[in-house]
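No hydrogens, no waters, no symmetry mates; every other heavy atom, side chains included, goes into these values. Everything numeric in this text was worked out from a predicted model, so none of it was measured.
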Amino acid sequence: QFVSAHLDSVRNELMKMSLFIEIGGLIMGFGAVVGGIFGMNLKNDIEEDGHAFAIVIIVTVVLMVIMLAGFTKKYYQLKADTSSASTFNLLKNFFTYVDDLEYHLFSKNVSKLEFKDAVEKITKLKI
């Protein structure tokens, strides 16, 4: 069971690395598309302007940074939602908690308050 959990953890890390590589490729691809559009030798009168190249480069880089910042923000939001210590602790010890609850509670009739108190005592979490 521990080996399976370790392999799952390694697989999750590989998937995370793959996601970062794919997002990086998407962001770099955006810059390549913009460069490709302006590299087609089409006459659009923008090449006459002395500052056009710098403006296009700056706008492209700014948009790429915004895309990266948006991805990073979303990644850390999702990571914060899924890495709550109390949630992880509860899930990690789920079967132990279930066994303890069965032993202490399910052999008799209990009220909601008694059940709540027992769960808080066993899990050491405030409900």
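Here NE2 of H51 is found 15.0 Å from CD1 of I57. Values are rounded to the nearest 0.5 Å. With values rounded to the nearest 0.5 angstrom, I27 atom CD1 is found 11.0 Å from L63 atom CG. Atom CD1 in I23 sits 5.0 Å away from atom CG in L19 (nearest 0.5 Å).
Counting non-hydrogen atoms of other residues, nucleotides and ligands closer than 6.0 Å to CZ of F20 gives a total above 12.
Both L68 and V59 sit in one connected hydrophobic cluster of ILVMFWY residues. Membership requires side-chain heavy atoms under 4.5 Å apart, directly or through other members. In the hydrophobic clustering of this structure, M67 does not group with V61; members are Ile, Leu, Val, Met, Phe, Trp, Tyr whose side-chain heavy atoms approach within less than 4.5 Å, directly or through other members. Put simply, I21 and F71 are part of two different groups of oily side chains (I, L, V, M, F, W, Y) that touch within less than 4.5 Å, one to the next. The hydrophobic cluster containing V56 also contains M28, counting ILVMFWY residues as joined when their side-chain heavy atoms lie under 4.5 angstrom apart, directly or transitively.
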Would you list the atom pairs, donor with acceptor, under 3.5 Å between side chains in residues 11-18 and any protein atom, with sequence neighbours excluded?
| from | atom 1 | to | atom 2 | distance (Å) |
| --- | --- | --- | --- | --- |
| R11 | NH2 | D8 | OD1 | 2.8 |
| N12 | ND2 | D8 | O | 3.4 |
| E13 | OE1 | K16 | NZ | 3.4 |
| K16 | NZ | Y75 | OH | 3.4 |
| S18 | OG | E22 | OE2 | 3.3 |

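Minimum heavy-atom separation, T60 to F30: O-CE2, 4.2 Å.
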